[in-house]
K.L.:
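For reference, the structure I am asking about is given below.
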Amino acid sequence: MAGFVSGSDPIEKVLSRAEVISRYGTTRTGTLVFTNGCFDLLHPGHVRCLSEARRYGDHLVVALNSDYSVRLQGKGDKRPLVPERDRAVMVSSLESVDAVCLFDEATPLSLIEQLGPDVLVKGGDYHHEDVVGHEVVERRGGRVILVPFLEGYSTTDLVTRMRSRLE
């Protein structure tokens, strides 16, 4: 599993949309890997997925659902549990992650279109045809990779276990 960055400020890797496009957009050098998610409670499944994703390219950009975007996902009115800025700092603290960019839309499709990643990665709990942006990436000659799901780790499961222990 990837470790945490030592000697650098993770907040410096949290970029605006304009910054991430400027730095990692279509004029970049190297292979860009892209993934996205809420990352509400960072757990070993997330860390493993991000570490695996990074192996497929030179740069890993993580698009993080903003608090507003999480609510659009229908995860309940009490989600996210962790505010967007804190989630962004946690994800950017991982060695495997080069940049984190918040997005407000229901999906990161427009960001995928703007960045033009070479590789799109999601967890193995997804089916290829359900990965947002797969058509965009494949049309440009890129590929979609599904990283095997680490059983027993999901934010929903963690919340359920915590609630049962507190009752």
Side-chain angles (χ1 to χ4, degrees), residues 1-15 20 24 31-103 106-108 111-112 115 117-134 137 143-167:
M1 283 200 222
F4 289 90
V5 175
S6 61
S8 65
D9 186 356
I11 200 77
E12 293 175 6
K13 295 194 306 185
V14 180
L15 306 177
V20 82
Y24 298 102
T31 302
L32 178 64
V33 180
F34 179 96
T35 192
N36 67 281
C38 299
F39 301 95
D40 200 3
L41 293 178
L42 194 61
H43 56 68
H46 291 138
V47 175
R48 179 176 177 212
C49 185
L50 294 172
S51 179
E52 285 294 311
R54 181 63 171 77
R55 294 176 355 122
Y56 292 101
D58 302 305
H59 313 285
L60 174 60
V61 170
V62 178
L64 189 82
N65 294 76
S66 69
D67 291 349
Y68 175 75
S69 178
V70 171
R71 286 189 285 279
L72 292 177
Q73 304 303 308
K75 293 180 182 266
D77 60 349
K78 295 184 180 180
R79 299 278 298 274
L81 301 169
V82 178
E84 63 190 38
R85 195 67 175 169
D86 295 345
R87 291 183 288 119
V89 169
M90 290 297 294
V91 171
S92 70
S93 296
L94 298 173
E95 284 180 67
S96 57
V97 176
D98 291 295
V100 173
C101 179
L102 291 162
F103 68 97
T107 74
L111 183 56
I112 292 169
L115 276 176
D118 303 295
V119 182
L120 182 57
V121 175
K122 288 298 282 182
D125 51 333
Y126 279 80
H127 295 357
H128 179 273
E129 62 275 6
D130 297 328
V131 176
V132 170
H134 74 90
V137 171
R143 59 191 176 139
V144 175
I145 295 172
L146 300 177
V147 173
F149 185 70
L150 187 58
E151 289 297 326
Y153 291 100
S154 78
T155 300
T156 302
D157 290 346
L158 289 172
V159 169
T160 300
R161 280 187 287 190
M162 284 189 277
R163 284 188 177 140
S164 71
R165 289 181 183 172
L166 293 173
E167 294 174 347

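Values below: every heavy atom of this structure, side chains too, minus hydrogens, waters and symmetry copies.
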K.L.:
Does N65 have any side-chain hydrogen bond (donor to acceptor under 3.5 Å, both in side chains) partners at least two apart in sequence or in another chain, and if so, which?
P.N.:
S69
K.L.:
Y56 vs I145, test: side-chain contact (heavy atoms from CB on, under 4.5 Å). Steps then yes/no.
P.N.:
CA-CA 9 Å; Y56 292 101; I145 295 172; 3.2 Å; yes
K.L.:
Which pairs of donor and acceptor atoms, one on a side chain in residues 121-131, lie under 3.5 Å apart (sequence neighbours left out)?
P.N.:
unit_1	atom_1	unit_2	atom_2	d
K122	NZ	N36	O	2.8
H128	NE2	E138	OE2	2.5

K.L.:
Is any side-chain heavy atom of L50 closer than 4.5 Å to one of T35?
P.N.:
yes
K.L.:
Does a side-chain heavy-atom distance below 4.5 Å link L81 with L41?
P.N.:
yes
K.L.:
Per the ring-ring contact (aromatic ring centres under 6.0 Å, His included) rule, what does the pair list look like for residues 61-92, sequence neighbours excluded?
P.N.:
none
K.L.:
Of all heavy-atom pairs between V14 and S92, which one has the smallest distance, and what is that distance?
P.N.:
CG2-OG, 3.8 Å
K.L.:
Do V100 and K13 pass the side-chain contact (heavy atoms from CB on, under 4.5 Å) test, and can you show the C-alpha distance, the side-chain angles, and the key distance before you say yes or no?
P.N.:
CA-CA 6 Å; V100 173; K13 295 194 306 185; 5.7 Å; no
K.L.:
Just do the side-chain contact (heavy atoms from CB on, under 4.5 Å) check on I112 and V137 with the steps written out, would you?
P.N.:
CA-CA 8 Å; I112 292 169; V137 171; 4.0 Å; yes
K.L.:
List in chain and number order the residues that pass ring pair (Phe, Tyr, Trp, His ring centres under 6.0 Å) with F34, two or more places apart in sequence or in another chain; answer none if no residue qualifies.
P.N.:
none
K.L.:
Is there side-chain contact between V47 and L94, with at least one heavy-atom pair below 4.5 Å?
P.N.:
yes
K.L.:
Is the shortest side-chain N to carboxylate O distance from R54 to D98 below 4.0 Å?
P.N.:
yes
K.L.:
Could you check whether any side-chain heavy atom of Y24 comes within less than 4.5 Å of a side-chain heavy atom of L115, counting everything from C-beta outward?
P.N.:
yes
K.L.:
Mind checking the NE2-SG spacing from H43 to C49? Nearest 0.5 Å is all I need.
P.N.:
9.5 Å
K.L.:
Determine the minimum heavy-atom distance between V132 and P108, stating which atoms define it.
P.N.:
CG1-CD, 4.1 Å
K.L.:
For C38 and L64: C-alpha separation, side-chain torsions, deciding distance, then whether side-chain contact (heavy atoms from CB on, under 4.5 Å) applies.
P.N.:
CA-CA 6 Å; C38 299; L64 189 82; over 6 Å; no
K.L.:
Just jot down the side chain to side chain contact (heavy atoms under 4.5 Å, CB included) partners of E84, sequence neighbours excluded, or say none.
P.N.:
S66, D67, R87, L102
K.L.:
Are the side chains of V33 and P117 in touch, meaning some heavy atoms are under 4.5 Å apart?
P.N.:
no
K.L.:
Can you name the closest pair of heavy atoms from V70 and R79 and give their distance?
P.N.:
CG1-C, 4.0 Å
K.L.:
Could I get the full list of side-chain hydrogen bond (donor to acceptor under 3.5 Å, both in side chains) partners for R71, not counting sequence neighbours?
P.N.:
none
K.L.:
Which pair of non-hydrogen atoms, one from A99 and one from V20, has the smallest distance, and what is that distance?
P.N.:
CB-CG2, 4.2 Å
K.L.:
At what distance, to the nearest 0.5 angstrom, does OG1 of T31 lie from CG of L60?
P.N.:
12.5 Å
K.L.:
Mind listing the closest non-hydrogen atom pair of F39 and V62 along with its distance?
P.N.:
CE1-CG1, 3.6 Å
K.L.:
Test your reading of the model: is there a side-chain donor-acceptor pair from D40 to the backbone of P80, 3.5 Å cut-off?
P.N.:
no
